[in-house]
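Shown next, in structure tokens, is the structure this report addresses.
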Amino acid sequence: MNSFEQEIAEALAATGSFEKEAALKLISVPPDTSHGNFTIPCFSLAKVMRKAPKMIAEDLAAQVKLPAGLSKVEAVNGYLNFFIDRGFLAKSTLEEIAAKGLEYGYAAPNGKVVCIDFSSPNIGKELAFHHLRSTMIGNSLSRIYKAAGYKVERINHLGDWGTAFGKLIVMYLRENRPTDDATLDSLTVKELNILYAAFSKASKEEPGLEDEARAAFTKLEQGDEFYRKLWTAFRAATLKELMRIYDMMGVGFDHYTGESFFEDKIPAILDELREKNLMVKSQDLDVVMLDEFDLNPCLIRKSDGSTLYATRDLAAACYRKKEYNFDKCLYVVDLGQALHFKQVFHVLKKMGREWYKDMYHIPFGVILQLVDGKWEKGKTRTGTASLLRDVIEAAQKKILEFIDEKNPNLENKELIARQIGISALTFNDLKNSRLKDVRFDWDAVMSFEGDTGPYVQNAHVRLCSIMRKAGIERANLAAAIKDVNFAELTDDAAYSLINLLAKKGEKILGAVAGDEPSVLAQYALEIAEAAHKFIHEDRVLGSPEEKSRLFLVQATQIVLENVLDLLGLFPIRQM
RNA sequence: GCGGAUGUAGCCCAACUGGAUAGAGCGUUUGGCUACGAACCAAAAGGCUCCAGGUUCGAGUCCUGGCACCCGCACCA
């Protein structure tokens, strides 16, 4: 907690040995609580003070006047360790949770706007397992940023424009599929996926097919009515399935402004590039040179005049700045596209958009799949990627077997099984740092023991179960705290748990600082572990400390529920 | 070739951004349900943190040079 650090710094300043600011900078958190809650390593002071670190720590320990709420200060091997009084920590932490409820640990609104571009799948293809990463990292980040005080614009930059549609159109017509309204209306994304795979197979034997697809897209871009009609049908079919899955996963967006949305905003960008003499011809292409940044040129237009990915991203960035006036704009996209974003950001810089430095690519490692004995990037195009809906279905089925064994009479068990399954997949994605590559392995993904979503959810369920047995449906913390005797919450198990609950605010800020949901995922594991231990060691119902302990159960449930929510997991109450 | 990411226990990962004895989970071995939910708890074993140098009171973390693996590099998005 900040106030403790402030007070420790002041107390140290009062000894006359150093300035408050300097002291504040030195304060850190020891690796485990046996060394206290705060510590000052005295090694760096040795030179200035001309004393051994051990002596410095001992002298300071003798001189410093302990601020209120701290119970002990001790010098160990050159470290000056401060201990918080357990009863004091319990009181201050639990009172704050009682006052703030689910929003305990949230930062006050800071008036800043952050745009988060995530998920952004390509239309015409089914969601593959690897789409889960951007979707769930972005979903979680958008919740975490909100908790940190930002106004968040969640943007799904659908890949609904580009040569890919040329491919679909070419293949659709080549197979002589009917193009009446009724048939087009009933198109499914599954069929489109098959068309894609067929195209990529056919184009291997017929190199001319790629050109045909490019020509088809150019025709579409030029406004051909028939092609437009096909495109609309392809888009609608994909969107329908997409919404079904987002719904299932509890993911939502504020804007579905796909690439096609920026079609009519591109000419202005091209004009500006020309006016500023930034666009040059190279190999029959329009490009912006980026030599001065040690980057390859950014491709703006193909030789036939149609636009590219980067062009539409430029238009999108300018539109977003104008429309939302963001302070930060995040792109949650895999690491493989780092170069693309670097190029786009630098073109913006050359265009004189000073806000280019507020643009951040939030990269993450790729999902690798075993193809013919080698780990490689799964590709929806060639059909080597596992489909997200298949993975979700398999997870649900597996969890359902678990439920049938442990709790067969559970109501709504199909729904709960799916929620646990989706949460497990999500947690698996969020618990590690973003940049690690993930090797997709069915057995590993379908294992639900140990450091997993179900482990965290189970802790939450057990807390809810105790509350239910005590006749509490929904915690009313403000009323219940009157009966708490904080001295009864100072044993090791209770203290460890409370000490963790007290860190919620700093964990939220830590997750935002690194754009890392894993900070909160690891935190959720720590709370779950401490909660399991607490209810295992400290009997709640029927014990002399029942009221105090029951309050801690409720406070933990509230914190855990919200942390699960910030991660985008379902905080279920029974399983 | 150039650029980027990663490398920590048999496997998969942490380590609060340079601090104390490098921590969890899976797997292995063992103990605990007539028990507020055992999807749990407890214990044991398991480490030259890829290699070689450097920076300093102190390096898994920073710098240099290698090695391994993955990704990207002109008309896909």
Side-chain angles (χ1 to χ4, degrees), chain A residues 28-32 35 39 41-44 46-47 52-53 76-79 81 120-122 159 161-164 167 210 213-214 259 282-287 294-304 306 308-310 312-313 333-340 342 363-366 368 375-377 381 399 402-403 405-407 420 431-433 435-439 441 444 447-452 454-455 457-459 461-470 503 506-507 510 513-514 518-519 522 525-526 529 532-533 535-537 539-543 546 549-550 553 574-575:
Chain A
S28 61
V29 179
D32 70 280
H35 291 115
T39 187
C42 297
F43 310 100
S44 61
K47 250 179 207 162
V76 182
N77 295 330
Y79 291 89
N81 296 335
S120 307
N122 293 325
W161 204 239
T163 313
K167 295 183 185 177
E210 295 276 354
R214 273 193 281 274
E259 300 194 284
S282 170
Q283 297 178 19
D284 216 21
L285 292 161
D286 289 318
V287 305
D294 252 345
L295 291 170
N296 286 338
C298 181
L299 274 53
I300 303 294
R301 281 206 308 182
K302 298 188 241 180
S303 44
D304 66 5
S306 59
L308 284 146
Y309 185 33
R312 298 188 281 272
D313 261 349
V333 182
D334 78 83
L335 181 63
Q337 303 196 37
L339 177 60
H340 162 74
K342 234 185 226 175
F364 52 84
V366 291
L368 304 173
W375 288 102
E376 58 182 53
K377 246 177 115 175
R381 214 183 327 157
I399 302 273
F402 230 87
I403 292 175
E405 183 189 322
K406 310 261 178 189
N407 193 7
I420 296 173
K431 75 173 174 187
N432 299 329
S433 47
L435 285 167
K436 298 244 183 200
D437 286 349
V438 176
R439 287 171 188 228
D441 161 1
S447 126
F448 303 119
E449 286 157 21
D451 280 355
T452 62
Y455 175 83
Q457 284 173 315
N458 183 38
V461 162
R462 289 180 72 188
L463 295 168
C464 289
S465 177
I466 292 175
M467 287 164 57
R468 221 170 12 250
K469 289 230 158 67
K503 294 188 169 155
E506 70 187 64
K507 294 291 181 184
S518 68
V519 171
Q522 297 291 337
L525 280 174
E526 288 175 336
E529 189 184 351
H532 276 305
K533 196 164 184 168
I535 59 184
H536 184 260
E537 287 183 9
R539 174 79 203 180
V540 178
L541 302 178
S543 71
E546 171 168 332
R549 288 179 177 171
L550 191 54
V553 164
Q574 287 188 66
M575 64 196 277

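The model shown is predicted, which means the values in this text are computed figures rather than measured ones. All chains are named by letter (A, B, ...) in the order of the sequence lines, taking the proteins before the strands, and each is independently numbered beginning at 1.
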By salt bridge (charged side-chain N to carboxylate O under 4.0 Å, His left out) - contacts of A:R462 (at least two apart): none
Rounded distance in Å - CZ (A:R462) to C1' (B:rA35): 11 Å
With a 4.0 Å limit, can you tell me whether [X] has a side-chain N or O closer than that to the phosphate oxygens OP1/OP2 of [N]?
| X | N | answer |
| --- | --- | --- |
| A:T163 | B:rA77 | yes |
| A:S433 | B:rA14 | yes |
| A:R539 | B:rA35 | no |

With the criterion being N/O to N/O and under 3.5 Å, what pairs connect the protein with nucleotides 4-12 of chain B, and how long is each?
from: B:rG7; atom 1: OP1; to: A:K436; atom 2: NZ; distance (Å): 3.0

Who are the side-chain hydrogen bond (donor to acceptor under 3.5 Å, both in side chains) partners of A:N296, not counting sequence neighbours?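 In terms of side-chain hydrogen bond (donor to acceptor under 3.5 Å, both in side chains), with neighbours along the sequence ignored, A:N296 is linked to no residue.
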[X]: what forms a side-chain contact (heavy atoms from CB on, under 4.5 Å) with it, not counting sequence neighbours?
| X | value |
| --- | --- |
| A:K507 | A:K503, A:V519, A:L520, A:Y523, A:E526 |
| A:P363 | A:L335, A:H361, A:R434, A:L435 |
| A:L525 | A:F427, A:D451, A:Y455, A:V456, A:Q522 |
| A:S465 | A:R468, A:K469 |

Taking only the side-chain heavy atoms of A:I399 (C-beta and beyond), determine which of B:rC41, B:rA39, B:rG19 contains the nearest atom.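 The nucleotide sitting nearest to the side chain is B:rA39.
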Applying ring-ring contact (aromatic ring centres under 6.0 Å, His included) to A:F448 and not counting sequence neighbours gives none
Whom does B:rG19 pair with, Watson-Crick or G-U wobble, provided both distances fall under 3.5 Å?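 Answer to the pairing question: B:rC57, which forms a Watson-Crick or G-U pair with B:rG19.
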Could you pull out the protein-nucleic contacts involving nucleotides 55-60 of chain B (nitrogen or oxygen on both sides, under 3.5 Å)?
from: B:rC57; atom 1: OP1; to: A:K47; atom 2: NZ; distance (Å): 2.7

